[in-house]
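As the structure lists them, so they are numbered: ligands from 1, and atoms in each ligand from 1. Here, residue 1 is the first one in the sequence, and each next residue gets the next number.
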Amino acid sequence: METPEVLISRERIAERVNELATRIDADYDGIAELVLIGVLKGSFMFLSDLARALTIPHRIEFIAVSSYGDEESIHSGAVRLIMDVRHAIEGKHVIVVEDIVDTGHTISYLLRLLAARQPASIKTITLLRKPDRAEVDVPVDYLGFDIPDVWVVGYGLDYAERHRTLPDICEIEPVS
Ligand code: IMP
Ligand code: MG
């Protein structure tokens, strides 16, 4: 595997995360508590930076899903729940925090699952999105960056569990 090449630097990520946090602070001004649901594992770094930049009261939850089939290759579009949130979200203001929206199936599944539990509101934030790969139309309320159809690693994102803790978002050439 070749060396990852920086696509989005840690400085640009930090700047964008702070901008998004400022917008969320303003949009949810005055609410009792916001529930941030991080989608494991990829969103953990983004979630931790975003949460620390927020000034409104918030709580952290995690949820884990998996795609049927090999995550790195063929995406069947079927998603299954691996780990649920700990606490009920009924009547709560919720934001689902994703690392990347690729085909859109994961976010689409999660929105259906969580909306059925009657939260007061539900929105989505994703650090990255690949518009060229969209298979289902999903609402993205807060977006970090649109990127081309390349495989990215770092800042929480992996390639077969590799490169997840690189501080920048990098592009790699996946090998099969
Ligand atoms: P979707 O259901 O196709 O939108 O897929 C979303 C999931 O696929 C993400 O949460 C990631 O786990 C994974 N994914 C898609 N593209 C990439 C990438 O370029 N790097 C790392 N993971 C990715
Ligand atoms: Mg993910």
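- Relative ring orientation between Trp151 and Tyr159 is described as perpendicular, the plane-to-plane angle rising above 60° on a 0-90° scale split at 30° and 60°.
- Classification of the Tyr142-Tyr28 ring pair by plane angle, with boundaries at 30° and 60°, yields tilted.
- Neither the backbone nor the side chain of Val79 comes within 4.0 Å of ligand 1, counting heavy atoms alone.
- Side-chain contact between Lys92 and His87 is absent, with no heavy atoms from C-beta onward closer than 4.5 Å.
- Near Glu98, meaning under 4.0 Å from one of its heavy atoms, ligand 1 places the atoms 10 (O).
- Atoms of ligand 1 found under 4.0 Å from any heavy atom of Thr106 (numbered from 1 in listed order, with element): 1 (P), 2 (O), 5 (O), 6 (C).
- The shortest heavy-atom distance from Gly104 to ligand 1 is under 4.0 Å.
- In the vicinity of Asp158, heavy-atom distances shorter than 4.0 Å reach the ligand 1 atoms 21 (C).
- With hydrogens and angles disregarded, no donor-acceptor distance shorter than 3.5 Å links the side chain of Thr106 to the backbone of Val79.
- Atom numbering of ligand 1 starts at 1 in the shown order; those under 4.0 Å from a heavy atom of Val150 are 19 (O).
- Heavy atoms of Leu157 found under 4.0 angstrom from ligand 1 belong exclusively to the side chain.
- Any N or O atom pair closer than 3.5 Å counts here, and Val101 shares no such pair with ligand 1.
- Shown in contact with Lys130 at under 4.0 Å from a heavy atom are these atoms of ligand 1, numbered in order with element: 16 (N), 17 (C), 18 (C), 19 (O).
- Counting atoms of ligand 1 from 1 in the listed order, those under 4.0 Å from a heavy atom of His105 are 2 (O), 4 (O).
- Under a cut-off of 6.0 angstrom, the local environment of CD in Glu5 is sparse, with at most 12 non-hydrogen atoms contributed by other residues, nucleotides or ligands.
- For Phe44, the side chain to side chain contact (heavy atoms under 4.5 Å, CB included) test picks out Arg164, with sequence neighbours left out.
- Residues passing the side chain to side chain contact (heavy atoms under 4.5 Å, CB included) test with Asp149, sequence neighbours excluded: Lys130, Asp132, Arg133.
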